[in-house]
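Basis for what follows: all heavy atoms, side chains included, without hydrogens, waters or symmetry-related copies. FYI, the numbering just counts along the sequence from 1.
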Amino acid sequence: MTTICTVCIVLLAALLTQAVPSPAQPSSVPSCAYTCPTTDVAGNMIASSSNGIGYIECVYNDAEGSDGAGTCQYNIAGSEYIGVVTADNDGGLCEKYAAWTCTSKRRDVLPRSPSLPVLAARAPRPDMMKVMAQLRKRKLLSESPRMLVHPI
C-alpha cells in the first residue's frame, strides 16, 4: 500500500513540474545598446553618428550650428571600459560615457483565436418562475418525513 502511495506521489510531482503555463501573448523583448549622447557637455546637438568595430563615433555641431565641429569616440565592446569615451576631439566637451539606450521590441505576435461570445444572463420569465415554484412544492411534499414503523 505504501509503495502505491509513493508511486502516486512521484507521478503527481512529475506532472506538476511538467505543467508550465504559456503566456497569452508574447512579451516584449528589450533591445539595449550604447548610443551617442544627444548633446555634448556644452549642449551642442549631435550632427551624426557612426558605428565602427568596437566603437561608436559621434559628431557634434559647434555653437554656431556648423556640422562636424567636434567628434567623440566611445568604446562599446570587449573591455572593462565599455561605454567610456576613448577619443575626445571636441575640445574636452565629450560626455564621459555613451548613452545606454533600450527599446522594447514586440516578438512576432501569434494570431489569437477568436474569443468565445459572452452569454448574457437570462431575464426571468414569469411562466418559468411558476413552473419552478410548482416543482419545488412537489419536491418538498415528497420529501416530507414519513412515519416509520419498526417491528417490535
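- Scanning both residues, C94 and V41, for their nearest heavy atoms gives O-CG2, 3.6 Å.
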Report task. Let me see the working for Y60 and T71 under side-chain contact (heavy atoms from CB on, under 4.5 Å), right down to the final yes or no. Result -> CA-CA 6 Å; Y60 292 95; T71 61; over 6 Å; no

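- Distance check, rounded to the nearest 0.5 Å: OG of S50 to CD of Q73 gives 8.5 Å.
- D88 contributes a side-chain N or O that, together with a main-chain N or O of D90, makes up a donor-acceptor pair within less than 3.5 Å.
- On the SG-SG cut-off of under 2.5 Å, C32 and C102 qualify.
- When all heavy atoms of G83 and Y34 are compared, the pair lying nearest together is CA-CE2, 3.6 Å.
- Heavy-atom minimum distance, P37 versus I46: O-CD1, 4.0 Å.
- Listed here is the closest heavy atom pair of N44 and L93: ND2-CD1, 4.4 Å.
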Query - N75/V84 under side-chain contact (heavy atoms from CB on, under 4.5 Å): CA gap, chis, key distance, verdict - result: CA-CA 6 Å; N75 182 23; V84 177; 5.6 Å; no

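- How far CG of L135 is from CZ of R138: 6.0 Å, rounded to the nearest 0.5 Å.
- Across all non-hydrogen atoms, the minimal contact from T35 to I56 is C-CD1, 3.5 Å.
- Follow the hydrophobic side-chain contacts under 4.5 Å out from Y97 and you never reach Y55; the two are in separate clusters.
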Query raised in the report: Hey, mind stepping through C72 and N89 against side-chain contact (heavy atoms from CB on, under 4.5 Å) and telling me if it holds?
Result: CA-CA 6 Å; C72 303; N89 297 320; over 6 Å; no

**Report entry** Y74 and E95: CA distance, side-chain angles, deciding distance, side-chain contact (heavy atoms from CB on, under 4.5 Å) verdict
**Finding:** CA-CA 10 Å; Y74 297 92; E95 292 284 348; 3.6 Å; yes

